[in-house]
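Notes to accompany the following structure.
Please read these numbers as outputs of a predicted model, since none were measured by experiment. Every heavy atom of this structure was used, including side-chain atoms; hydrogens, water molecules and symmetry mates were not.
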Amino acid sequence: MNSISVEKALKGNPYPGRGIILGKSEGGKNAVAVYFIMGRSENSRNRIFLEDGDDVMIKPFDESKVSDPSLIVYYPIRSHEYELIVTNGDQTDTVYNYLLEGESFEDALNTREFEPDSPNFTPRISGIIELNEELTYKLSILKCGDADTQKCFRYFYNYEAISGTGHLIHTYETDGDPLPTFVGEPKQIEITGTLTEFADRVWNSLDEENRISLVAKSINMQNGQNKTYIINKNISK
């Protein structure tokens, strides 16, 4: 499969929703993770990303406007030893707690399903970077297989990292009512430039009206040092 640019993957799509990119820098020295959120409602747009040690949390920008925090406030990124967890919901904590008990990424997500936000039934997307001798990463999507029976279909994708390459998965195909669920395998994309440059390219590929926040993180595979870069629409750079 040939890689495509992040612009080709995202530009012109008014609403891919929430998205995860995992991969390896073009120089081959760093693991790379990007997570972005979009929003159409006031509740969804009232969010910012904040660093919490090596982790990243989402919190309301204006606490007075929060109507339902259950699906918008969570840790999208958590670190566990030589692993980095990235998800679009509170399943981050599920995966983290399972890893603490010696269980796997897959074990954790087999206990979860899509979000209960009928009629959209938003998929839960999750990823994990594993910093072993060779960099590997996994992506997963838990989606509603049928609106009537509401059975959960669980998909898992495993990757051996290639320098300058990553994979993108997002919650929705595009805008709609109800929102159409992401279809197919994660998209193979090019990862180029510095962490900041690549993150800016992802941000600038997202619909300007609906984009809300983005976090990019790199981890040096030799010394474990990490960098975090955050863009919040509600806070000027």
*Considering all heavy atoms of both residues, which atom of S44 and which atom of R47 are nearest to each other, and what is their separation?*
O-NE, 2.6 Å
*Are S3 and Q188 close enough that a side-chain donor and a side-chain acceptor fall under 3.5 Å?*
yes
_Connected via hydrophobic side-chain network under 4.5 Å: V202 and L195_ = yes
*Could you check whether the rings of F49 and Y35 sit parallel, tilted or perpendicular, using 30° and 60° as the cut-offs?*
parallel
*Who are the side chain to side chain donor-acceptor pair (under 3.5 Å) partners of Y96, not counting sequence neighbours?*
none
*Going hydrophobic residue to hydrophobic residue with side-chain gaps under 4.5 angstrom, can you get from Y75 over to V95?*
no
Considering only distance and modelled atom types, tabulate donor-acceptor pairs under 3.5 Å from the side chains of residues 150-161, sequence neighbours left out.
residue	atom	partner	partner atom	Å
R154	NE	L109	O	3.3
R154	NE	R112	O	3.1
R154	NH2	R112	O	2.7

*Taking every non-hydrogen atom, the tightest pair across S163 and G28*: OG-CA, 3.3 Å
*Listed by chain and number, what are the side chain to side chain donor-acceptor pair (under 3.5 Å) partners of T122, not counting sequence neighbours?*
D117, Y172
*pair N46-F61: side-chain heavy atoms closer than 4.5 Å*: yes
*Indicate yes or no: at least one non-hydrogen side-chain atom of N88 is less than 4.5 angstrom from one of I20.*
no
*Mind checking whether V34 and V6 have side chains closer than 4.5 Å, heavy atoms only?*
no
*Can any side-chain N or O of K233 pair as donor or acceptor with the backbone N or O of M38 at less than 3.5 Å?*
no
*asked:* Is there a continuous path of hydrophobic side-chain contacts, each under 4.5 Å between heavy atoms, that joins I162 to I169?
replied: no
*Rounded distance [0.5 Å steps], CD1 in I219 versus CG in L131*: 5.0 Å
*Show your reasoning for whether side chain to side chain contact (heavy atoms under 4.5 Å, CB included) applies to T87 and R124.*
CA-CA 7 Å; T87 91; R124 290 192 187 272; over 6 Å; no
*Give, for atom OG1 of T92 and atom CZ of R78, the distance between the pair rounded to the nearest 0.5 Å.*
8.5 Å
_Residue list, side chain to side chain donor-acceptor pair (under 3.5 Å) with E209, at least two apart or on another chain_ = R45
*Looking only at heavy atoms, which two atoms of G23 and Y137 are closest? And how far apart?*
CA-CE2, 3.8 Å
*Can you tell if the side chain of I231 reaches within under 4.5 Å of the side chain of R211, non-hydrogen atoms only?*
no
*First locate atom OG of S126, then atom CD1 of I128, and finally report the distance between them rounded to the nearest 0.5 Å.*
9.5 Å
_Connected via hydrophobic side-chain network under 4.5 Å: F105 and Y98_ = no
*State the NZ-CG distance between K187 and L139, to the nearest 0.5 angstrom.*
13.0 Å
*Closest non-hydrogen atom pair, T174 against P180*: O-CD, 3.3 Å
*Taking C-beta and beyond as the side chain, do P60 and V73 meet within less than 4.5 Å on heavy atoms?*
yes
*For residues L179 and Y15, report the shortest heavy-atom separation together with the two atoms involved.*
CD2-CD2, 3.7 Å
*Distance from N232 atom CG to I37 atom CD1, nearest 0.5 Å?*
8.0 Å
*Between S205 and K11, is any side-chain donor less than 3.5 angstrom from a side-chain acceptor?*
no
*Contact list for residues 23-34, test side chain to side chain donor-acceptor pair (under 3.5 Å), sequence neighbours left out*: none
_Closer than 3.5 angstrom, by distance alone: can the side chain of D207 be matched with the main-chain N or O of N13 as a donor-acceptor pair?_
no
*Heavy atoms only: give me the nearest P16-L10 pair and the separation to one decimal.*
CG-CD2, 4.1 Å
*I212 side, atom CD1; N210 side, atom CG - distance, nearest 0.5 Å*: 7.0 Å
*Do you reckon I85 sits in the same ILVMFWY cluster as L100, going by side-chain contacts under 4.5 Å, direct or chained?*
yes
_Filter on salt bridge (charged side-chain N to carboxylate O under 4.0 Å, His left out), then keep only pairs touching residues 130-143, sequence neighbours left out; what's left?_
E106-K138, E130-K138
